[in-house]
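Report on the following structure.
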Amino acid sequence: METEVAVVGGGIAGLTCGWELVRRGRDVRVFEPGNVGGLIRSSQVGGYLVEQGPNVLLGRPALLDLISRLGLVEQIAWPTIPHYRQYIWDGIRPVSVPRGLWALMKSPLATLREKGEILRGLISPRMLSQGRSAGDTVDASVVDYLAPVMGERIIRSIADTTLKGIYGGTVERLSARSLFPGLWEAAQGGSSLLGYMRAKQGASGGPPKILSLIGGNATLARRLENDLASHLVRSAVTSITRSDNQFVLGTALGEEWAARAVVVACPGGAASQIIRSIDEGAATALASVRRAPLVVVHLAAPRSGGALPEKGFGVLFPRGEPSRLLGVMFNSVLFPHQAPRDGHLLTVCLGGVEGEDILDEDEGHLVGRVVTLIERRLGLSGLSPLLVTRWPGAIPQYEVGHWRVCDAIGAMEQRVEGFRFGGADRGGIGVADRVSEGLRIAKELAC
């Protein structure tokens with residue numbers, strides 16, 4: 001069997017890439033044996049709209065354009081509280097995370113001395129250059145890079161807690177170059193952190209807004225899946241070889257497909273196995289990427305069972321939590337359509353690189369522990385479990401030196417004509433990032 005382009009992996013990047021290629025008149029097959037949409041999964045449970053994967057989407061231009069082209073604009077739900085708050089647990093209570101410099105100057109999370117040091121660090125380009133570990137201009141951890149500007153305690157309390165909630169990793173291991181590429185490049189050119197922030201705000205008009213889809217975020221994946229129905233192959237690709245200027249794909253069903261181009265859009269661990277015969281270096285680099293596990297526990301909370309933090313979308317918890325707790329989101333505060341009128345939907349996330357053992361915990365014990373913990377910390381009562389979802393290896397870790405993984409993939413793309421990589425091990429882990437990558441690859445191959 002033959003196709004012009006084979007897309008391996010039906011996550012959101014693979015689906016978007018395949019969809020765009022079909023729109024551009026290409027013959028495409030998307031290979032996916034499991035859940036189409038990857039980690040994007042929505043369920044209705046007892047009147048609650050439960051997001052088992054990404055709870056919100058970032059409204060970046062590429063994603064908004066895709067939603068529009070799919071005819072899903074009327075499905076967009078924007079937050080009912082525009083100026084919502086995110087909280088950090090300070091050991092006793094939730095404290096609002098400051099948004100912006102002025103808010104940080106008023107926040108109890110920083111001392112007066114730390115605020116003075118931050119103001120000095122923001123305007124000095126030397127502070128960022130000093131942050132590179134041992135004078136290394138190639139990469140640095142987030143704490144080594146930003147501590148001279150923001151102060152080590154601030155980075156370890158606010159930044160570490162926030163990044164742990166997003167990536168499941170730690171500021172000692174996460175790469176400043178990979179997480180903040182724009183800042184890294186600007187600093188290489190002599191910019192201060194304040195100069196970079198001003199330039200970025202002027203160019204973009206501010207950070208993108210979050211949104212959800214009324215029918216569930218999986219509506220996006222389902223629409224793509226429906227449009228690609230005749231192009232889907234419900235089988236895993238087990239091998240990819242190169243022969244006579246084309247790719248030969250072997251599948252778990254025993255089929256063999258020939259393709260002029262191939263897009264590998266599955267996770268790095270699986271990708272490394274099927275590309276090893278073509279490029280040993282890229283395969284080894286992808287296999288080296290750590291992946292953080294995630295367990296998501298959804299809870300129903302009666303509105304009569306206590307007040308949630310004011311205008312709060314969630315509370316993030318610092319490192320060292322024996323419970324392996326990353327954070328809790330109050331979904332229905334911003335998106336009321338996700339819960340009945342007399343209830344709130346809470347999403348509790350656990351795991352990360354320091355909580356790999358969470359996957360093996362008995363579900364009954366886990367749920368009981370989570371309910372007790374959240375009720376005690378937030379002063380709530382009457383919480384009841386809705387659903388537990390376990391994601392082994394959910395989040396690829398962009399750790400110090402991750403640029404070498406990206407370089408190895410890029411070198412393979414340069415050397416092997418018609419090959420592209422679209423997995424989340426490069427280009428960002430968010431849904432909007434993956435959509436942008438899928439569209440970028442499709443446009444390159446369609447030229």
Side-chain angles (χ1 to χ4, degrees), residues 39 51 53-56 58 85-99 104 107 109-110 140-147 150-180 183 210 289-297 309 312-331 346-359 361 366 369-370 373-374 377-378 389-402 424-425 428-431 433:
L39 270 64
E51 300 291 354
N55 277 254
V56 296
L58 274 181
R85 299 172 184 172
Q86 185 65 274
Y87 288 84
I88 284 179
W89 184 258
D90 74 345
I92 302 174
R93 64 193 183 282
V95 178
S96 180
V97 178
R99 289 190 174 188
L104 180 58
S107 173
L109 292 172
S141 69
V142 170
V143 67
D144 285 339
Y145 194 64
L146 293 181
M150 305 297 291
E152 185 169 335
R153 194 190 69 83
I154 295 295
I155 296 300
R156 291 189 183 279
S157 58
I158 300 178
D160 185 71
T161 303
T162 303
L163 293 176
K164 184 168 68 74
I166 299 171
Y167 294 93
T170 68
V171 291
E172 290 88 1
R173 302 190 65 136
L174 290 171
S175 160
R177 175 176 175 174
S178 295
L179 265 61
F180 313 117
L183 172 60
I210 63 172
V289 177
R290 294 177 70 191
R291 306 185 73 85
L294 191 64
V295 174
V296 184
V297 180
F313 184 46
V315 180
L316 297 171
F317 292 88
R319 198 192 318 181
E321 281 280 337
S323 61
R324 304 295 191 260
L325 184 61
L326 299 175
V328 53
M329 283 173 281
F330 316 129
N331 304 72
L346 275 57
T347 301
V348 184
C349 296
L350 308 96
V353 294
E354 296 186 327
E356 294 182 347
D357 55 337
I358 198 76
L359 293 172
E361 187 170 350
L366 174 67
R369 186 165 61 81
V370 167
L373 183 65
I374 298 300
R377 292 279 179 91
L378 301 181
T389 308
R390 300 174 192 256
W391 297 106
I395 312 172
Q397 298 296 289
Y398 292 8
E399 296 183 335
V400 175
H402 185 75
D425 299 79
I429 65 170
V431 173
D433 299 320

What closest approach, in Å, do [X] and [Y] show between heavy atoms, and which atom pair accounts for it?
X    : Y    : value
V353 : G169 : CG2-CA, 3.9 Å
A292 : G168 : CB-O, 4.3 Å
P309 : F330 : CD-CE1, 3.6 Å
L359 : R390 : O-NH1, 2.8 Å

Go through the structure and list residues passing side chain to side chain donor-acceptor pair (under 3.5 Å) with [X], not counting sequence neighbours.
X    : result
T161 : none
R319 : D160, E172
E399 : R173, R290
S178 : S175

Got a sec, which residues hit side chain to side chain contact (heavy atoms under 4.5 Å, CB included) with [X], two or more places apart in sequence or on another chain?
X    : result
L326 : K164, L294, C349
E152 : V143, A147, R156
I166 : T162, I429

Do [X] and [Y] come within less than 4.5 Å of each other through their side chains, counting heavy atoms only?
X    : Y    : value
L378 : P94  : yes
V348 : L373 : no
V97  : R99  : no
V431 : L58  : no

Distance in Å, [X] [atom1] paired with [Y] [atom2], rounded so as to fall on 0.5 Å steps:
X    : Y    : atom1 : atom2 : result
F180 : L146 : CZ    : CG    : 6.0 Å
L316 : M329 : CG    : CE    : 8.5 Å
L179 : S141 : CG    : OG    : 11.0 Å
E361 : L366 : CD    : CG    : 4.5 Å

Just grab all the side chain to side chain donor-acceptor pair (under 3.5 Å) pairs involving residues 347-359, residues at least two apart or on different chains. N55-T347, H298-T347, R324-D357, N331-T347

I'd like to know whether L325 forms a side-chain contact (heavy atoms from CB on, under 4.5 Å) with W89, so could you lay out the CA-CA distance, the side-chain angles of the two residues, the decisive distance to 0.1 Å, and finally the verdict. CA-CA 11 Å; L325 184 61; W89 184 258; over 6 Å; no

Per side-chain contact (heavy atoms from CB on, under 4.5 Å), L346 is matched among I374, V297, V370 by I374

For Y167, enumerate each residue passing the ring pair (Phe, Tyr, Trp, His ring centres under 6.0 Å) test, keeping only those at least two apart in sequence or located in another chain.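 Expected list: none.
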
By ring pair (Phe, Tyr, Trp, His ring centres under 6.0 Å), which residues pair with Y87, not counting sequence neighbours?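 Y87 satisfies ring pair (Phe, Tyr, Trp, His ring centres under 6.0 Å) with no residue once adjacent residues are dropped.
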
Can you tell which of R291, Q397, H402 makes a side-chain hydrogen bond (donor to acceptor under 3.5 Å, both in side chains) with D425?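 Only one option passes, and that is R291.
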
